Structures are given as structure tokens and as C-alpha cells.
Amino acid sequence: MLSSSGKPVSAKHNLFSPRPRGITVLCQLLGFALFLLAPVLQAESLEDAAHELAMVDLIELAPDLAPRVKQANLRTWTSEPLTLYGLRFDGTQRAASDVHLREALALSLDRGTMASVLLQKQAEPAAALLPQWLSGYAFLFSVDTNLQRAKELRRGLPSNETGGAEPLRLRVDPAGDLAKLLGERVALNARQAAIPVRVISRPVSRAGASSAALVDPPSDVHLFAWHCSSLSPRAELDSMIAAYNLTEPSEVNVTSTDYQQLYARERRILEEWRVLPLVMEAESVGLGPTVRDWMPARWGEWHLADVWLDLPESAQADSSNLANGTSPSFPQSQSAAAGAKP
Amino acid sequence: MSFRTKLFLVFLITVLASVSLVAYGVTHYTQAVFEESDAQRSQALVAQFNKEYAQRGEEIARQVKNITDAEITLKVAIDLAGARPDLSLFVHDASGAAQDHGLDFVEFVNWDGTLISSAQYPARVGYKNDWVLTNKNWNDSAPFLKKEELPDGVALSLTVVRMLSGGNDKSLYIIGGRRLDQNFLASLVPPAGMRVLLYRNLEPGFVATALTDVNGSFEQADRLEPLIQQLQKQAKPLEGTIDWSQNAADAETFHAIPLPGRNNELLAVLLLGSSRKELVLLTRHILQIAGAVAGAALLIGLLISLWVSARITRPLEELAEGAREVASGRWDTVIDLRGRDEIGQLASAFNEMTQTLATQREQLVQTERVAAWRELARRLAHELRNPLFPLQITVENLQKARQLDAKQFLEVFNESTATLKAELANLNTIVSRFSDFSKMPAPHFAPVNVNEALRNAVRLFEPQFNTVGKPPIIPEYFLTEPLPEIDADADLLHRAFQNLVLNALDAMPAGGTLTIRSSEHDGSVRIEVADTGKGLTPEECSRLFTPYYTTKVQGTGLGLAIIQSVISDHHGTISVSSDEGQGTTFHIVLPQRQSARPSAPAEEAATERKPPQSFTVAASD
């Protein structure tokens with residue numbers, strides 16, 4: 001996949017980095033592989049998605065749009081949960097150093113609503129750092145909402161460290177509305193446990209502004225997004241621990257690939273409430289009617305070499321009908337049906 | 001205080017009072033007119049606000065109605081009224097509706113109060129908005145103010161709620177609103193000198209950033225804190241004046257109008273500011289004019305008072321000077337004043353008076369002179385007749401004795417010549433007394449101890465107090481010690497005191513008490529010499545100091561006249577008080593100092609006391 005500037009673009013780019021609009025893909029499959037140069041777009045509305053799918057073969061779908069596209073019987077594909085949204089406490093900040101405060105915040109979070117309503121079922125509530133399909137033991141972790149317990153913990157905290165007067169500063173690291181939405185929801189959940197949280201956004205770089213001028217505001221908690229990019233749970237966990245500087249007990253064997261050891265490592269990290277998983281989000285794409293053999297990897301990697309396209313004439317007519325608001329009539333292959341796993 | 005000063009002060013007070021009264025009245029009236037105008041402008045602005053508020057509410061209601069009437073909204077309502085609806089499908093519907101209908105705030109609330117979709121706060125989806133369930137007839141409700149929670153704070157919203165039935169007795173609540181902020185204020189066009197502020201009372205206490213004007217944040221918001229806090233306690237229209245600086249022209253009157261929410265809670269305060277600059281400048285202008293008028297009036301008043309005083313006081317001063325001259329003895333004083341006004345008439349009357357007085361005085365002097373000569377002649381005849389009669393008898397005896405023998409003649413002759421010598425001596429004494437009175441010397445002042453002078457005078461007569469065969473006279477002293485010395489002529493004073501004591505002795509032939517008192521009073525010395533004799537009648541008291549007047553058989557009537565002359569030469573006074581049968585008291589007051597008083601008048605008086613020019617001769621004491 002190439003961008004319009006000619007640079008290679010990974011299919012597993014972070015969704016919350018500025019999305020390349022107008023990225024073109026030359027994808028023409030003749031026989032076993034034909035690449036045509038076509039734009040990969042992100043639709044902002046159902047009408048946009050239908051219109052764009054009439055012109056291109058593949059669009060990325062935002063979490064709020066994917067269910068509608070599915071409802072409209074357009075072809076979609078949704079990956080396994082790949083991106084972890086979570087909260088990470090900054091150990092250098094005094095307010096975040098109290099384990100009871102961290103636990104109270106964890107117990108106040110309503111992950112179910114985040115996944116099912118805010119992310120419109122395009123995500124799953126996350127209690128572990130690694131997704132179930134990757135680690136196999138994620139189901140062993142569970143964090144249920146317990147506002148009563150959260151309030152009790154809150155009441156037991158010293159007033160000068162719980163944000164009684166000073167709110168807990170939550171910085172939303174990823175860009176985009178979805179992360180901000182999650183941050184605001186966290187703040188609302190925390191407020192129910194009498195923990196004031198103030199959401200602050202990461203300063204956005206503007207043209208002409210030097211990087212030195214962008215100073216991150218001090219924060220107690222970070223909302224982060226971690227995209228799983230490996231099939232190795234150990235490598236994924238190591239990367240996350242290294243990236244977020246999560247401290248581990250010294251007796252843990254960090255080189256072991258044993259799942260029990262991995263589980264123990266993750267459990268010990270989570271037991272300290274330094275990282276609070278929120279949701280695991282899947283990726284969705286809309287597929288044009290001519291796309292055949294769309295079979296990306298479970299972790300979201302696109303295998304464009306396996307894809308082939310039908311002749312465009314018939315698809316053109318079908319897509320035109322979609323754009324005009326008529327019911328879609330393009331062929332629905334069983335393998336490329338909405339929500340189907342490759 | 002001179003008449004001129006009084007006149008000027010009266011004029012000054014009159015002018016100042018008048019100007020002050022007029023300035024106060026004009027200022028008060030101007031202020032009242034300004035206040036009335038300000039109130040009218042404020043009412044007009046409030047009416048404009050209400051109208052704009054109502055129009056905006058109607059617009060919001062129309063847009064919310066459009067959302068409610070949209071087919072997609074009906075579909076949402078139907079879906080939500082169904083069994084186990086998928087709430088996640090509607091999360092972003094409110095955002096689209098807000099964008100399509102130009103509303104700042106749109107929320108969809110399920111029949112059970114659950115927030116389904118929120119344009120302004122999507123993260124709140126799933127939370128309860130129970131307040132919408134309190135009203136079952138939202139479709140007829142009017143727009144109202146609402147505190148809108150937002151991710152980054154709170155906002156003030158003009159909100160409309162409408163209901164849409166999705167069946168199964170389940171309704172979808174559509175809440176739409178627009179932000180009430182500086183953009184709304186910008187739609188108002190306040191009159192010149194007025195401005196509109198809006199305080200969003202969305203958080204407890206006073207928050208300076210909640211106060212906004214058409215430009216956004218409002219500087220010096222804390223100056224309005226007392227007014228807003230007062231309104232927070234008692235939500236009723238208030239008025240207050242804010243002094244933005246020490247300059248009174250920068251003051252501004254604010255009419256604070258509470259804007260309640262749906263439950264009458266205070267959600268906002270509309271502040272209509274009216275600058276007092278015009279009023280202050282106008283008041284200053286009035287005061288400046290009043291000051292200028294007062295200054296000019298004072299100047300004119302000063303000139304008028306000078307002119308009037310020159311017109312009135314100068315004749316009066318001349319009259320006063322004329323009166324003083326009359327008092328000093330110049331009876332023929334004439335004032336040269338012309339005019340037919342009251343002053344002129346007064347001057348004319350004064351001149352007539354002095355002329356009459358001079359004429360009458362001349363007549364009186366002539367009359368008294370004749371009377372004095374007659375009295376003097378009578379006294380002289382009486383005094384001279386007494387020694388002349390023995391002389392005549394003696395001479396006749398001598399003539400008869402020529403017929404006697406020589407021895408008898410010699411005996412008669414010797415006896416007659418002795419008698420003649422004695423009577424001639426008596427005549428000489430009488431003439432000497434008159435001569436002494438006419439030759440009263442001018443006093444030569446020197447410090448004199450009055451108490452000592454009194455004691456010396458009394459001491460001369462001590463042998464007579466206890467004369468054998470006569471009832472005794474007891475002297476009693478009540479002298480203040482120490483008594484300051486006075487400027488006096490010791491000899492003359494001694495002579496006066498001696499005459500007083502002698503007069504008292506003569507008044508007590510049956511004995512009695514001679515009382516001598518002295519005291520100091522207000523720069524002078526008071527002396528009293530009292531006897532316990534038979535006393536004097538009021539007529540005798542009134543004529544007692546008249547020269548040559550005497551109540552004694554053998555008196556010249558010059559003793560008390562000499563005393564009065566001495567006391568007068570010392571610029572003192574002498575008076576007598578007497579009760580018949582109780583005795584007589586002479587009161588003398590002498591000043592302590594004589595430095596500023598010339599002794600010349602005494603000499604003049606002495607000159608004038610020559611017998612032919614003054615009084616008749618009386619019997620010697």
C-alpha cells in the first residue's frame with residue numbers, strides 16, 4: 001500500500017494518529033494479484049460510506065459508522081479487538097501514588113457502557129492488557145463496576161490527595177474524538193464515586209509552532225491506546241511494559257513464554273492498579289462490491305496480495321443505486337459478509 | 001463689626017444661599033430627570049431583551065419542533081419504544097440533529113429518563129435525565145433557562161423540550177437549546193451610554209469568568225461581586241452604582257435583573273449598565289456655572305456694598321462724629337450733609353438739635369450765671385455781714401467811748417481794737433477760702449497707697465474722736481490688703497479724704513461709727529466713707545456737690561465741691577447714698593493708672609472754677 005506521496009503505508013497504522021485522507025492505493029488484481037491505484041478513505045457518514053464505496057473498493061470505518069454500514073447491508077469486515085484503551089497512572093505525580101485512589105477509580109469505571117454504547121459495540125470491555133484471542137487468559141481478569149466500594153475507598157482517602165479540591169488530571173494522549181469521548185466518560189464515572197477528574201487534551205501541533213513550544217501539561221492519569229501488532233503475547237506485553245515504563249517485581253522471569261508466567265506478570269501489573277484497561281476496540285473496513293477474497297490477518301494486517309476484483313461495470317451500477325439511497329444490490333459473498341472473520 | 005462688613009456679609013450669605021439653592025434645585029431636578037430617563041432606557045432595554053429572548057425561544061422551539069417532526073426522529077422514538085432497543089445505534093443522532101438545525105444543544109432522552117444521545121456531551125449517554133419526566137406536557141411548555149453541563153464546564157442554555165410518542169405510551173424527549181452568551185448580548189442594541197452584561201450563575205458563589213459582555217470576558221468583574229451576591233441571596237431586581245475609578249464620571253449604575261430557570265432557581269443575571277458620565281459632567285457644569293455666578297455675584301455684591309456703605313455709612317459716621325463733638329462740649333457742631341433722603345433728614349434734624357441745644361445752653365448758662373452771681377452775692381453778703389456787724393458795733397462803741405474818761409476809753413479802745421482785729425482776721429479767712437477754691441492746683445500723679453492715705457486722713461482727727469464732754473466716735477477700717485497703688489496726687493487726695501472725714505465728724509455730733517472701706521475692682525480702687533449720722537434727704541443728696549451749697553449753719557459749701565473737683569481731676573467718680581436717720585456713705589472710684597490721661601483738663605477746670613464764672617458763694621464748712 002502506498003500513500004499519495006509514494007511512501008509505503010502500513011496497513012496497521014494507528015487509527016488515532018492523523019489519518020491520511022486521500023491515501024491512494026494502486027490495487028489491481030488480474031488473476032492472482034492485480035493492483036489498482038485507488039483512494040483509501042474514512043467515511044464520516046453512512047451516505048459518505050455508500051458514496052465512497054461506489055467509487056473505491058475499500059474504506060476504513062470509524063467505530064460509530066461501522067454499525068450503520070452494517071445496518072445498511074453494506075459489506076464490512078471487522079477485526080479481532082486490536083486496540084486497547086486504558087488508563088495509565090503517572091507514578092511521578094503525587095495524586096496518582098495512592099493505590100486506593102487508583103482502585104477507587106478502577107471500580108467506578110463502567111466499561112460495558114463504553115464498549116456497547118459509546119463505541120457502539122465495536123469494542124469489548126477490557127480487564128486485561130492483552131486481548132483474549134492473543135493471550136488466551138484474558139477472561140481470567142475481571143473488574144466489575146462497584147460504585148459503593150469506590151465511594152468507600154474515596155472516603156478513606158486523605159482529603160489533600162484525592163482531588164477533594166484539586167481534580168485528578170486526565171490527559172487524553174491519542175488524538176481523535178473517540179479517545180476524548182472515552183476520557184470524558186471516565187471523568188463522568190469517576191465523578192459518581194466523588195473523584196473529580198479534569199480531562200485535558202494533548203496540545204496539538206500547529207503549523208509554524210516549534211516542537212519546543214508544545215509542552216505537555218502535567219497530568220496524573222493518561223488515557224492511552226495500544227495497538228497490538230504481534231502474534232506473540234510475550235512480545236506484546238514486553239513492548240507495552242517498556243513503552244509505558246511499567247515496573248515489575250524483580251522475581252518475575254521476563255523471558256519466559258509460559259502462559260502462566262505471562263498471566264502472573266500481567267496480573268501483578270494490574271493488581272497495583274497502575275494500568276486500568278478500558279476497552280479493546282476492533283477495526284472495521286467497508287468493502288466494495290467488487291472486492292473478492294478479502295482475508296486479512298487476525299491482528300488486522302491486510303493481505304492485499306490475495307485480493308482480487310470483479311469487473312467494474314456491474315459493480316458501478318450497484319454502487320450508483322446505493323448512492324441514490326436505494327437498497328444495495330451488490331453480491332453478498334459469504335466470506336465477505338458484515339462481521340465475518342477472514 | 002462695621003456696617004460695611006455687615007452689609008457685605010448679608011449680601012454674601014444671601015447670594016450664596018440663593019445660588020446654592022438654585023444649584024441644588026437644578027442639580028436635583030437634573031438628577032431626577034436623568035434617573036427617570038435612565039429608568040426608561042433600562043425598561044426599553046429590558047423590553048428589547050425580553051423580545052429577543054422570546055424570539056430566540058420561538059426559534060429554538062421551531063427547530064426542536066422540526067427535529068421532532070423529522071421522520072428519522074420518529075423512527076428513533078418507535079425503536080426506543082420497542083422491546084430491548086439497541087441504544088448504541090442512536091448515540092450520534094443528537095449531534096446530527098444539532099448540526100442540521102443550528103442548535104448548540106440537542107439531547108434525546110428515553111421514556112425512562114435515560115439519555116440516549118447528546119450533541120454537547122456524548123459521554124453522558126446512558127445517564128439519567130430524570131427532570132424531563134416531571135412534566136407530562138412539554139409540548140406546550142415555553143422555553144426556559146437551563147444549566148447545561150458540558151465536558152469542559154457548564155453553560156447557560158435557552159432550552160425547549162418536546163415529546164414524541166413512539167407508541168406503547170412511551171415518549172422520546174427531545175431537548176434542544178442554544179447557548180446564552182455574548183453572542184446573544186450582541187444581538188441587543190443598547191442605547192448610547194448603556195451596555196448589557198450577563199452573569200451566568202451556574203456555580204456556587206461568585207465566579208468572575210461567568211460575567212460576560214458582548215466581547216466575552218469582562219474585566220474588573222469582581223467590582224460587581226457585591227451586587228451579584230446580593231442578588232444571589234435575594235432574587236429580585238436590584239440597582240447599584242459601581243465606581244470604576246476615583247473619577248466620579250466613570251461610575252456606572254447597574255440594574256440587575258434575575259433570570260430564573262425552570263424551577264425559579266437563579267441561573268443568570270442580566271446587568272444593564274448605565275453610565276453616569278453625562279449626569280456627572282452635567283452636574284459639574286451646573287456647579288461650575290453656579291460657582292461662576294456666585295463669584296460674579298459676590299464681586300458685584302462687594303461693589304454694591306461698598307457703594308451702599310459709602311452712601312449710608314459715611315453720613316452716619318459724620319453724624320456719629322458730630323454727636324461725639326457735641327458730647328465733648330462743642331454744642332454748635334454742624335454736619336454738612338445734603339440730600340432729601342432719610343439720611344439727609346437725619347442730618348438736618350441733628351443740625352437743628354445742636355442749634356437748639358446751643359441756644360438753650362447759652363440761655364441756661366446765662367441763667368445759671370445770674371443765679372450764681374446772686375447766690376455768690378447772697379453768700380458773700382451773709383459771710384461778710386457776720387464780721388461786719390461786730391465791726392460796726394465796735395466802731396460805734398469807739399465813737400461813744402470818746403465821751404468817757406481816758407481810762408475807760410482806753411479800756412474800751414483796747415477791747416474794740418481786739419475785736420476789730422479778730423473780725424478782720426475772720427474776713428481775711430473767708431476771702432482766703434474763696435481764694436483757695438479758685439486756685440485748685442493741677443494734680444501731679446505719682447504712685448499712692450490709698451489705704452495709707454485713708455489712715456493718715458483719719459489719724460489727723462483722732463483727738464476729736466474722744467473729746468472730753470462729747471460722745472465718742474469710733475473709726476472702723478475694712479481695707480483690702482494688699483491694695484494696688486494708684487496714680488494720684490498725694491496732697492490733693494489727702495485733702496479730699498480729710499474733707500470727707502471732717503464732713504463725717506460734723507454729721508455725727510452725737511457720736512457714732514466712722515467706717516472706712518477700700519477694695520479693688522476691675523482696674524480701679526473703690527473707697528467708701530460712711531457715717532452713722534442723721535443722713536440726708538434725696539434733695540440734699542442731689543445738690544450736695546453743688547458749690548457753695550451747704551446744710552450747715554457755718555459752711556461755705558466748698559468742701560464737697562473741692563472733693564468732687566479732686567476726684568474728677570483723678571478721672572474718678574464720687575457718689576453719695578444716704579437713708580434718712582441711717583447715715584450717709586460716700587462712694588469713690590479711682591482708676592489705678594493715669595498715664596494715658598492728660599492733666600490739662602484739671603488745669604482748665606481749675607481756671608474755669610474762678611468764682612465769677614462758676615458758682616455762688618456758700619457758707620464755709
Side-chain angles (χ1 to χ4, degrees), chain A residues 43-48 61-72 85 108-125 145 147 167 169-170 172 176-192 196-201 223 278-279 325, chain B residues 70-73 75-76 78-80 82 84-101 105-130 147-155 172 202-205 207 209:
Chain A
E44 294 182 351
S45 65
L46 180 61
E47 289 72 20
D48 288 345
L61 295 176
D64 58 332
L65 188 58
R68 295 187 176 200
V69 174
K70 290 176 187 175
Q71 275 193 324
Y85 288 92
S108 69
L109 298 174
D110 181 9
R111 296 173 175 81
T113 303
M114 291 182 195
S116 62
V117 180
L118 298 185
L119 294 180
Q120 296 182 281
K121 300 179 180 176
Q122 298 302 300
E124 295 174 355
T145 305
L147 272 180
R169 296 162 298 185
L170 168 61
V172 179
D177 294 338
L178 180 58
K180 187 179 177 185
L181 186 65
L182 285 174
E184 291 169 358
R185 186 68 182 198
V186 168
L188 279 171
N189 290 157
R191 190 194 301 173
Q192 285 191 298
V197 173
R198 181 161 56 92
V199 180
I200 52 179
S201 299
L223 191 149
L278 295 177
V279 291
Chain B
E71 187 179 349
I72 187 171
T73 311
K75 184 175 180 301
V76 171
I78 293 171
D79 288 348
L80 289 172
R84 302 180 63 79
D86 184 0
L87 301 182
S88 66
L89 296 176
F90 315 109
V91 169
H92 298 285
D93 287 356
S95 179
Q99 194 171 1
D100 293 345
H101 294 85
F105 311 116
V106 173
E107 285 184 340
F108 291 165
V109 177
N110 203 0
W111 57 272
D112 62 350
T114 304
L115 182 64
I116 301 302
S117 180
S118 174
Q120 65 270 22
Y121 204 166
R124 284 192 71 247
V125 169
Y127 280 84
K128 291 289 187 181
N129 268 4
D130 291 334
K147 175 183 176 181
E148 204 67 60
E149 285 196 30
L150 300 175
D152 54 354
V154 287
L172 174 68
L202 306 176
E203 296 178 55
V207 180
T209 54

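Bear in mind that the values here come from a model prediction, so they are computed numbers and not experimental data. By convention in this document, chain letters (A, B, ...) are assigned in the order of the sequence lines, proteins followed by strands, and residues within each chain are numbered from 1.
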> Is chain B contacted by the side chain of T113(A), its backbone, both, or neither, given a heavy-atom distance below 4.5 Å?
Replying inline: side chain
> Is the CG atom of D152(B) crowded by more than 12 outside heavy atoms at less than 6.0 Å?
Replying inline: yes
> Would a 4.5 Å heavy-atom cut-off, applied to side chains only, mark Y127(B) and R185(A) as touching?
Replying inline: yes
>> If you count every heavy atom of other residues, nucleotides or ligands that lies below 6.0 Å from K75(B) atom NZ, does the total exceed 12?
In response: no
>> Just so I understand: if I count every heavy-atom pair under 4.5 Å between each of I200(A), L181(A), D110(A) and chain B, which residue has the most?
In response: L181(A)
> Is there a side-chain contact between K121(A) and D86(B) (heavy atoms, below 4.5 Å)?
Replying inline: yes
>> Please classify the contact of N189(A) with chain B as side chain, backbone, both or neither, using a heavy-atom distance under 4.5 Å.
In response: both
